[in-house]
Amino acid sequence: MLLTLSSEQEALRSTTARFLDDRVPVNVLRGLRDDPAGFDPQYWAKGAELGWLALLVSEANGGGSVSGRPISDLCLIAYEFGARAAPGPLAASNAIAIALDATNSDAHHAVLEQVVAGGVIAAWCYSEPPPNDRIGVIEFEIVADGNELVLNGTKRPVESASAAQQLLVTGRTGTGLTQVLVPADSPGITITPLESADLTRRFATVRFDNVRVSLDAAVGAVGEADAQVERQVLAAITIGNAEAVGAMQRAFDMTRSWVADRYSFGRPLESYQAIKHRFADLLSWLEGAHGIADAAALALDTDSPETAELVSAAKAFIGDRGGELMHECVHLHGGIGVTFEHDLHLYLRRVTVNRAMFGTPKQHQRRVGEIAAHRKDEEIRGGGPA
Amino acid sequence: MTDESVEAFRLRAREFIRANLKPLPRDESYSPLRNTRTTDEEELASVKRDREIQRMLFDAKLAGICFPTEYGGAGLTPAHQRAFNEEIAGYEYPSRFQAPTLSPCAGVLLDFGTEEQKQQHIPAILKGEELWMQFLSEPSGGSDVAGALTSAVREGDEWVLNGEKVWTTGAWFSDWGLCLARTNWDVPKHRGLTVFIFPIHQQGVTVSRIEMINGSQDFCQEFLDDLRVPDSDRIGEVDGGWTVGVRWMFHERMLMNSPLVTVPVGVGNRGALTSSIVDVAREVGRIDDPDAHDIIGEARTLELVKEKLQARIGEGMATGKMSDQAAAIGRLFGGTTGVRLYTLAFDLAGSTGVAWSDADGLARYCGEDFLMRQTGAIGGGTLEMARNVISERVLAMPREQALDRDVPFRDVPRGGAART
Ligand SMILES: Cc1cc2nc3c(=O)[nH]c(=O)nc-3n(C[C@H](O)[C@H](O)[C@H](O)COP(=O)(O)OP(=O)(O)OC[C@H]3O[C@@H](n4cnc5c(N)ncnc54)[C@H](O)[C@@H]3O)c2cc1C
């Protein structure tokens, strides 16, 4: 999380933090374990009033950021989400909001308005089953047929699909990408819930069998949505990263107090150098995760040419070191760390789910490598001569 | 402070750099401990060039960017120094003047020197006339800096120093030393230390060179035999050396973030560079190899995180949200990253790193760099010391049990293992 917040940003952050403390404390989260949606619609609508879904939307469509840096603002909320393992499809809903905001269709804007208000849940059918669950791979077909578009194929995992009234589907038309907004109850759509590693986030497989929609359903130009989809993916990853950093911070803080209170051999655990040194390493990863997550958010906000590289670096680092940090925390708790009754796993789950979404750490690491390998010399060297 | 804007300064620096400094071919960027098979004559010629560049920068008012104007500095801000770091990237720069001369040494002089000491040395440093060394570590131990055995005994207006200092890089061609010595053996260790400065090449100082794993000969050991130092060359109070030492260590840990030194963007003295790693990949014909992309990606990711972490710590300390001790977090991450980057570069270079000819470009260094990999995790205080600082000073965990606290230093047990 940013170190220095404006007073408006601080208000945004603390309002959400208080709301989450009040509405979804851990006992509520635990109670939602078997809830089919994973959250109460009232909760989502109330959260929407705090700006959860409006920050990335233009003012014309009822949105607006508080600092002029919308992704950075949203990351403050995402961070608090992660720190409380809060329910709700924050990343995916905001990615959809960006897509709908970018069109000039009144019909889409009307849906957007409801999404921003939290009254309508929209799910993003983006990821595909293996082996296509890699960054940038979309093979789902959207075929143009006269005045209609025909959707065929399977998407998974789709977050909050069972709770959604609307689906944004990202597919391929020839060599380019197409996005379509369809009501979730359209004929030919089958939604099958999946089990989830997160306590409150729900995922499903969504099958499309000859689903026909009119051309108006396209969000943006048919076969030309590649750049738009990339923006959505980068935003979703960055929001997920901020969530993961929040969860990491929470686990770190919990473990820090635990080693002060827990004794062995007549001394607190925190007095052993082996443990102190591990904490030093964990803190260096944690602060590094804060730094790279915020830098990637800022890059998106300022349209930096380094955005893709920074977002992937953040995803690779937070995915990798985040997982290690969480498990060090589990380990330092000993036996209690691997129980359901202890709260640590709530945060471990959040980091774990985000790690696997939108590309694994290794895939993103390779992407960073491809970018660095093919960058022109002077860019690497910061403006000096080649 | 002068009121030159960062942008005006940047343009002035750019103009000067492009007109006066040579662009560096990639594999010539200075790496202090790399054995480049140069002769002493060649090394001395490079030192001379560093002195010349430092002087040119001084004359152009581009030296000591954050040093006060009354001592010959430019009196500007860390933002100006950062702009300079960006502009100088890819060009020759007086690398040997950065650490330890401008920081910690000049930093410590600024913090604790008398007016006369500052007037004598800071302008001379900024003009390229004085290269400094830090004489902290001793054969008996470096981590426990305050356990120094080098003694200083007062005789009238002079002090007589005896002892050994070790692991200094480049003392054989440097001018002055900043030295921690013991002036009182009857009090606990931190309370009996005093800091002195003296010219290295004089009666009473013998510098011998130590060969490193890779054959480099710049590492040195100094023997002090009845070295006489005037009391006017004492820094700080008698027996107040630890007060100086604490700031000294702080400057040391801050190095990569310090406004007192030039660190060209993309250059880190504690790690191979991703840009060099990319060059190695190109040289060995693996630039399109997905395995190579994995290696480069890991290196670049760590480098980016390190950069953003340093910026975060800098902001945290500047805004008072983090204590100065947080510099150790950057030190630790930089140290572990550096070690990893050398390994990654070596894996890319493959067999060329261990069996090479002069025709092999950067890949020819990767095996020896790997042999030397831990230097960055030891020099400047080991990573364990950084971990101690982070856990104890940042996270407020209990201090390590110390058997030498509250004991007269004379009675503190000492081990036998040391370089003989
Ligand atoms: C490249 C390079 C440049 C250097 N430049 C200089 C210089 O300019 N001036 C100078 O004075 N010195 C310099 N040094 C020396 C350096 O500061 C010391 O080597 C370092 O502080 C470690 O001291 P030591 O070598 O005596 O090892 P020791 O202190 O004996 O440590 C040996 C090992 O034990 C570990 N250890 C020691 N104490 C503890 C503890 N309490 N808890 C846990 N682990 C511990 C250390 O981390 C290390 O791994 C340089 C060293 C290098 C490699």
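Chain identifiers are assigned alphabetically (A, B, ...) following the order of the sequence lines, protein sequences preceding nucleic acid strands; residue numbering begins at 1 within each chain.
Residue R134(A) places its CZ atom among 12 or fewer non-hydrogen atoms of other residues, nucleotides or ligands, all under 6.0 Å distant. Within 6.0 Å of CZ on R267(A) lie more than 12 heavy atoms contributed by other residues, nucleotides or ligands. Within a 6.0 Å radius of CD in E15(B), other residues, nucleotides and ligands contribute 12 heavy atoms or fewer. Open room surrounds CZ on R69(A); 12 or fewer heavy atoms of other groups in view lie less than 6.0 Å from it.
Counting heavy atoms from C-beta outward, N388(B) and Q273(A) have side chains that approach closer than 4.5 Å. Considering only heavy atoms from C-beta on, R367(A) stays 4.5 Å or farther from H293(B) through its side chain.
Using a 4.5 Å cut-off between heavy atoms, T4(A) contacts chain B through both its backbone and its side chain. Heavy atoms closer than 4.5 Å to chain A are found in the side chain of V394(B), but not in its backbone. In this structure, chain A has no heavy atom under 4.5 Å from any part of E307(B). Heavy-atom distances place both the backbone and the side chain of I287(B) under 4.5 Å from chain A. When heavy atoms are compared at a cutoff of 4.5 Å, R14(B) does not approach chain A at all.
Listed by chain and residue number, R366(A) satisfy the salt bridge (Lys or Arg N to Asp or Glu O under 4.0 Å) test with D294(B) (two or more places apart in sequence, or in another chain). For A293(A), the side-chain contact (heavy atoms from CB on, under 4.5 Å) test picks out V245(A), I318(A), with sequence neighbours left out.
Within the model, atoms CD1 of I296(B) and CD1 of I371(A) stand 12.0 Å from one another, a figure rounded to the nearest 0.5 Å. Of the inter-residue distances, the one linking E298(B) atom CD with F317(A) atom CZ reads 10.5 Å to the nearest 0.5 angstrom. The distance from the CZ atom of R399(B) to the OG atom of S271(A) is 14.0 Å, given to the nearest 0.5 Å. Distance check, rounded to the nearest 0.5 Å: CG of L2(A) to CZ of R312(B) gives 8.0 Å.
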- Query: Please walk me through it: do H374(A) and D288(B) pass side chain to side chain contact (heavy atoms under 4.5 Å, CB included)?
  - Reply: CA-CA 9 Å; H374(A) 297 123; D288(B) 293 316; 3.1 Å; yes

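Looking at every heavy atom in both residues, A372(A) comes nearest to R300(B) through CB-CG, 4.2 Å. Across every non-hydrogen atom of R256(A) and L395(B), the tightest pair is NH2-O, 2.9 Å. When every heavy atom of T301(B) is checked against every heavy atom of A313(A), the shortest pair comes out as CG2-O, 3.5 Å.
Residues from residues 274-285 of chain A that place a non-hydrogen atom less than 4.5 Å from a non-hydrogen atom of chain B comprise K276(A), H277(A), F279(A), A280(A), D281(A), L283(A), S284(A), W285(A), given in numerical order. Close approach to chain A, defined as a heavy atom under 4.5 Å from one of its heavy atoms, is seen in E315(B), G316(B), T319(B), K321(B) of residues 313-321 of chain B, taken by number.
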